Amino acid sequence: MSRLNVPSPDDVPDGTKRILDNIGAQFGFVPNMFATLASNPTVLEAVTTLQSTSGRLLDAKTRHTLALAVSQVNGCDYCLAIHTYVSSELGGMSGDDIDLARAGSSIDPKRAAVARFAQQVVTSRGQVSDADLAAVRGAGYTDPQILAIVTVAVQVLLTNFINNVNQTDIDIPAVGPSGTPG
């Protein structure tokens with residue numbers, strides 16, 4: 001059961017209702033994470049703005065791969081469920097590629113390098129080695145793209161931490177250990 005309070009729709013300011021309505025239009029419902037964030041409209045705005053801005057940094061499959069890899073390392077069941085759903089239903093990723101992303105890899109060698117690098121960024125708390133940087137550069141990523149990878153990883157960390165603190169109730173199909181429906 002979620003540990004933080006979710007405001008009733010009547011207690012949500014109009015501007016926050018518009019943000020939730022936009023999210024609902026994307027998903028067909030308002031996921032519990034966003035409903036919880038509505039209790040602090042500034043946090044909801046910060047998270048959704050960061051997500052929107054991060055959406056311009058890398059291609060969608062690379063962002064999905066990053067989100068799955070980072071959420072797996074952080075043990076965020078809620079984020080794994082939502083990113084698996086978005087990756088498969090909206091992002092066109094196969095079940096195999098979703099499983100590989102969670103394991104820090106991909107069917108695409110360039111995305112595999114991103115997944116490994118993102119997991120290393122998280123587990124080392126950003127203290128990556130020269131070899132880690134050389135590997136992601138060797139896969140074809142430039143320094144500005146590496147900055148984008150770190151930014152997306154941190155954006156995913158933010159929602160991982162929020163959902164892990166809250167123990168957000170999973171309101172989308174949960175995933176098992178390998179990314180299969182739980």
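Since this is a predicted model, take the numbers as computed values, not measurements. Residue indices begin at 1 and follow the sequence shown.
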Discussion item. Within the structure provided, determine whether Val156 and Leu66 are in side-chain contact (heavy-atom separation under 4.5 Å).
Written reply: no
Worksheet item: Is there a donor-acceptor pair closer than 3.5 Å between any side-chain N or O of Gln155 and the backbone N or O of Gln51?
Response: no
Discussion item. Determine whether a donor-acceptor pair (N or O, by modelled atom type, separation under 3.5 Å) exists between the side chain of Thr53 and the backbone of Leu50.
Written reply: no
Fill in: CZ (Arg125) with more than 12 external heavy atoms under 6.0 Å
no
Item to complete: With Cys79 as reference, evaluate Val70, Leu157, Thr159 under the side chain to side chain contact (heavy atoms under 4.5 Å, CB included) test and give the passing residue.
Response: Thr159
Discussion item. Quick one, Gln72 with Leu80, criterion side-chain contact (heavy atoms from CB on, under 4.5 Å). Give me CA distance, side-chain angles, the key distance, then yes/no.
Written reply: CA-CA 7 Å; Gln72 181 68 41; Leu80 283 170; 3.6 Å; yes
Worksheet item: After noting the C-alpha distance and the side-chain angles of Leu44 and Leu20, does the key distance pass the side-chain contact (heavy atoms from CB on, under 4.5 Å) rule?
Response: CA-CA 9 Å; Leu44 175 64; Leu20 293 177; 4.1 Å; yes
Worksheet entry | Leu58 with Phe117, same ILVMFWY side-chain cluster at under 4.5 Å | yes
Worksheet entry | Straight-line distance of Leu68 CG to Arg63 CZ, nearest 0.5 Å | 12.5 Å
Worksheet, complete the sentence: Separation between CG (Asn164) and CZ (Arg3), nearest 0.5 Å, reads 9.0 Å
Worksheet item: Any luck finding a side-chain donor-acceptor pair between Asn74 and Ser71 under 3.5 Å?
Response: no
Worksheet item: Would you say the side-chain atoms of Ser2 pair up with the backbone N or O of Leu4, donor to acceptor, closer than 3.5 Å?
Response: no
Worksheet item: Is there a donor-acceptor pair closer than 3.5 Å between any side-chain N or O of Thr123 and the backbone N or O of Gln119?
Response: yes
Run the side-chain donor-acceptor check on residues 25-37: report pairs under 3.5 Å with partners two or more places apart or on a different chain.
unit_1 : atom_1 : unit_2 : atom_2 : d
Asn32  : ND2    : Asp169 : O      : 2.9
Thr36  : OG1    : Asn32  : O      : 3.0

Worksheet item: Taking everything shown except Asp130 itself, do over 12 heavy atoms lie less than 6.0 Å from its CG?
Response: no
Practice prompt. Examine Val86 and Ile19 and state if one hydrophobic cluster contains both, with Ile, Leu, Val, Met, Phe, Trp and Tyr joined whenever side-chain heavy atoms are less than 4.5 Å apart.
Written response: yes
Discussion item. Can you tell me how far apart CG (Asp21) and OG1 (Thr16) are? Round to the nearest 0.5 Å.
Written reply: 10.5 Å
Worksheet item: Does the side chain of Thr42 come under 3.5 Å of the side chain of Glu45 through a donor N or O and an acceptor N or O?
Response: no
Worksheet item: Can Val154 be reached from Ile82 by stepping across I, L, V, M, F, W or Y side chains whose heavy atoms are under 4.5 Å apart?
Response: no
Worksheet entry | Minimal non-hydrogen separation, His64 against Ser87, with atom names | CB-OG, 3.2 Å
Practice prompt. Apply side-chain contact (heavy atoms from CB on, under 4.5 Å) to Asn5 and Ser39, showing your working.
Written response: CA-CA 7 Å; Asn5 294 319; Ser39 69; 5.9 Å; no
Worksheet entry | Any side-chain donor near an acceptor of the partner, Tyr78 and Asp171, under 3.5 Å | yes
Fill in: Any donor-acceptor N or O pair under 3.5 Å, side chains Asp132, Ser129
yes
Worksheet item: Distance from Thr65 atom OG1 to Arg102 atom CZ, nearest 0.5 Å?
Response: 13.0 Å
Practice prompt. Could you walk me through whether Arg137 and Tyr141 pass the side-chain contact (heavy atoms from CB on, under 4.5 Å) test, one step at a time?
Written response: CA-CA 5 Å; Arg137 284 179 177 137; Tyr141 287 96; 5.9 Å; no
Worksheet item: Got Leu57 and Ser54 here, is their nearest side-chain heavy-atom distance under 4.5 Å?
Response: yes
Practice prompt. Examine Val150 and Val128 and state if one hydrophobic cluster contains both, with Ile, Leu, Val, Met, Phe, Trp and Tyr joined whenever side-chain heavy atoms are less than 4.5 Å apart.
Written response: yes
Discussion item. As an exercise, state the distance from OG of Ser105 to CZ of Arg116, rounded to the nearest 0.5 Å.
Written reply: 5.5 Å
Worksheet entry | Derivation of the salt bridge (charged side-chain N to carboxylate O under 4.0 Å, His left out) call for Asp97 and Lys61 | CA-CA 10 Å; Asp97 205 17; Lys61 284 188 179 178; over 6 Å; no
Worksheet item: Where do Ala101 and Ala115 come nearest, in terms of heavy atoms and distance?
Response: O-CB, 4.4 Å
Item to complete: Verify the distance criterion only: is there a donor paired with an acceptor across the side chains of Asn166 and Thr168 at less than 3.5 Å?
Response: yes
Worksheet item: Quick one: are Ile170 and Ile172 in side-chain contact, heavy atoms under 4.5 Å?
Response: yes
Discussion item. Distance check, rounded to the nearest 0.5 Å: Met93 atom CE versus Thr84 atom OG1?
Written reply: 9.0 Å
Item to complete: Indicate, with yes or no, if Val152 and Leu147 share a hydrophobic cluster defined by side-chain heavy-atom contacts under 4.5 Å among Ile, Leu, Val, Met, Phe, Trp and Tyr.
Response: no
